[in-house]
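Because only heavy atoms are used, hydrogens play no part in the values below, and waters and symmetry mates are left out as well, while side chains stay in.
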Amino acid sequence: MRHRIAVIGGGPAGLTFARVLHRHDHPVTVLERDPAPDARPPGGTLDLHENLGQVALDKAGLLAEFQALSRPEGQAMRILDTDGTVLRDWQPRPNDLANPEIDRGQLRDLLLAPLDVQWGRGVTEVQPGTRNGVLVRFADGRQETYDLVVGADGAWSRVRRAVSSATPHYTGITLVETSLDDVDTRHPDLARLIGDGSVAVYGANRALVAQRNSGGHVKVYARFRAPLDWHTDPDRHLGLNRRAGLDLADVEAMRSSLLALYDGWAAPVLDLLRHGTAFVHRPLHVLPVSHTWAHVPGVTLLGDAAHLMPPLGVGANLAMLEGAELAEAVATATGDLDETVRAFEEQMWARAGRWAEITAAGLERLVSPDPTEALAVFDEVQPS
């Protein structure tokens with residue numbers, strides 16, 4: 001039986017779901033609010049785990065293509081003290097394919113290739129239980145019905161409202177992202193500092209992480225504990241000695257404020273901020289660790305829409321695996337579609353709940369009053 005299925009959201013979760021259904025010759029409609037694939041920057045790099053994201057790509061028939069695009073050398077990780085002393089320098093073993101990196105844009109294009117995505121289709125409401133199925137209302141006034149609507153529309157999901165009243169809450173930790181381009185030519189000293197993968201520096205309640213992407217592009221992330229509105233009074237909240245509020249769109253004001261926040265750290269580390277381009281403010285939000293909902297026929301969620309957790313290398317992996325598993329279950333189901341989705345949700349909740357606990361605890365230790373906690377986290381997960 002061919003059900004009318006729509007997935008809302010063209011990120012890793014939604015595209016993996018659609019790609020696996022496509023492999024099983026099952027029609028699916030992909031609805032994405034962005035007007036085009038390149039409408040906004042795709043984001044940084046992802047490490048796809050061999051037991052999570054790579055399993056999903058295998059189910060989609062894309063594992064070999066992923067391996068040709070990915071960067072196993074990107075698994076390298078270096079940790080510095082705030083004075084620049086190298087504390088750890090992990091290098092991947094030869095032929096180590098446990099967690100190779102791939103740029104989000106490359107992954108998106110890999111998944112997109114044969115799919116027919118309806119771009120510019122912003123969803124305003126999903127209403128289950130109508131006579132003709134699940135009703136989807138669009139920002140342009142149109143509406144359509146489906147047998148199954150899968151919400152893969154991220155942290156601030158519109159689809160989530162159809163099954164749950166939960167909303168993301170602030171973790172108390174903010175991230176500010178900046179970038180370096182053509183780093184090997186323009187900033188060779190920083191290129192050597194970062195190496196083939198990532199470099200991280202941990203201080204009391206703050207951290208700096210730089211991660212190499214492909215093509216000489218580097219993403220830099222400043223993470224620190226602060227109230228959600230810290231920028232309205234940075235002197236009171238962070239002791240930055242600014243009399244007025246901070247305009248988050250003012251590049252130079254953001255740069256000088258971050259340099260003040262990390263004052264005293266080694267000069268090469270601060271150069272990651274000095275040479276950054278635009279600064280993007282990303283306060284970290286999460287859903288409750290054990291987020292579940294009473295099953296609603298015809299609607300379900302994947303990825304961040306279902307279990308938003310700290311960005312510690314697991315979220316996209318889980319989202320892709322969930323998309324692949326749900327697609328396989330739907331495509332091969334011989335019984336009731338609703339029971340198939342219900343069984344998937346039970347499995348998803350149990351696994352996501354475990355990872356949500358792990359990542360919540362990890363974030364607390366990585367941005368901690370005691371920087372040795374961050375080092376201990378990596379010692380626990382890195383091979384000796």
Side-chain angles (χ1 to χ4, degrees), residues 11-13 15-16 19 37 41-58 60 62-80 88-113 175 177-184 187 190-201 207-221 223 272 276 280 282 303-304 309-321 323-324 355 359 362 366 374 377-378 381-383:
L15 292 182
T16 303
R19 189 65 190 264
T45 183
L46 293 171
D47 60 318
L48 294 192
H49 302 189
E50 60 184 347
N51 61 344
L52 294 172
Q54 291 184 55
V55 174
L57 289 174
D58 193 29
L62 296 172
L63 187 57
E65 293 178 58
F66 161 74
Q67 290 171 343
L69 287 169
S70 67
R71 293 175 284 106
E73 70 278 8
Q75 298 171 93
M77 181 70 187
R78 181 176 294 145
I79 297 182
L80 309 181
R88 298 289 187 275
D89 195 354
W90 289 288
Q91 298 297 321
R93 296 185 176 93
N95 303 313
D96 184 351
L97 298 178
N99 306 291
E101 298 280 344
I102 186 170
D103 288 8
R104 283 179 177 267
Q106 293 175 321
L107 178 63
R108 176 201 61 202
D109 293 344
L110 179 62
L111 291 166
L112 265 177
L175 182 152
E177 173 191 316
T178 190
S179 301
L180 305 171
D181 287 311
D182 198 14
V183 67
D184 299 288
H187 309 291
L190 288 181
R192 286 188 291 271
L193 180 76
I194 297 163
D196 291 331
S198 301
V199 63
V201 191
L208 270 178
V209 179
Q211 189 171 41
R212 186 181 283 269
N213 293 224
S214 63
H217 185 72
V218 169
K219 291 287 188 185
V220 180
Y221 305 99
R223 290 196 297 241
L272 295 168
V280 182
R282 301 189 189 281
D304 286 351
M309 57 186 72
L312 299 183
V314 180
N317 277 275
L318 279 179
M320 292 173 65
L321 183 58
W355 278 111
T359 55
L366 289 173
V377 169
F378 285 98
V381 300
Q382 290 287 348

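Side-chain atoms of Arg19 come within 3.5 Å of backbone N or O of Leu110 as a donor-acceptor pair. Looking at Arg212, its side chain does come within 3.5 Å of a backbone N or O of Gly195 through a donor-acceptor pair. A distance-only check finds a donor-acceptor pair linking the side chain of Asn317 to the backbone of Asp47 [under 3.5 Å]. Side-chain atoms of Asn213 come within 3.5 Å of backbone atoms of Gln211 as a donor-acceptor pair (strictly under, hydrogens ignored).
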- Message: Walk me through whether Met320 and Leu52 qualify under side-chain contact (heavy atoms from CB on, under 4.5 Å).
- Response: CA-CA 8 Å; Met320 292 173 65; Leu52 294 172; over 6 Å; no
- Under the side-chain contact (heavy atoms from CB on, under 4.5 Å) rule, what do Phe66 and Asp58 come out as? Steps first, then yes or no, please. CA-CA 9 Å; Phe66 161 74; Asp58 193 29; over 6 Å; no
- Item | Residues Lys219, Thr45; criterion side-chain contact (heavy atoms from CB on, under 4.5 Å); working and verdict | CA-CA 9 Å; Lys219 291 287 188 185; Thr45 183; over 6 Å; no
- Take Leu272 and Val201 through the test side-chain contact (heavy atoms from CB on, under 4.5 Å) and record every step on the way to the result. CA-CA 11 Å; Leu272 295 168; Val201 191; 5.8 Å; no
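Remark: Arg108 engages no residue in a salt bridge (charged side-chain N to carboxylate O under 4.0 Å, His left out) (not counting sequence neighbours). In this structure, His49 has no ring pair (Phe, Tyr, Trp, His ring centres under 6.0 Å) partners at least two apart in sequence or on a different chain.
The two residues Ser70 and Pro100 come nearest to each other via the heavy atoms OG-CB, 3.7 Å. The two residues Arg71 and Asp103 have their closest heavy-atom pair at NH2-OD1, 3.0 Å. In terms of heavy-atom proximity, Leu97 sits nearest to Glu50 at O-CB, 4.1 Å. Closest approach of Thr359 and Met309 over heavy atoms only: OG1-CB, 3.6 Å.
Side-chain contact between Pro37 and Leu112: present, with at least one pair of heavy atoms (C-beta onward) separated by less than 4.5 Å. In this structure, Ile194 and Val218 have side chains that are in contact, with non-hydrogen atoms separated by less than 4.5 Å. With a 4.5 Å cut-off on side-chain heavy atoms, Leu57 and Leu111 count as touching. In this structure, the side chains of Arg104 and Pro41 stay at 4.5 Å or more apart for every pair of heavy atoms. For the pair Pro72 and Gln75, the minimum side-chain heavy-atom distance is below 4.5 Å. When side chains are defined from C-beta on, Phe378 counts as touching Met77, because their heavy atoms get closer than 4.5 Å.
For the atom pair CD of Glu65 and CG of Leu107, the computed distance is 11.5 Å after rounding to the nearest 0.5 Å. Annotation: the span from Asp196 atom CG to Glu101 atom CD amounts to 11.5 Å, rounded to 0.5 Å. To the nearest 0.5 Å, atom CG of residue Asp184 and atom CZ of residue Arg192 are 9.5 Å apart. The line from CG of Leu321 to CG of Leu48 is 11.5 Å long, rounded to the nearest 0.5 Å.
There is a side-chain donor-acceptor pair under 3.5 Å between Asp89 and Gln91.
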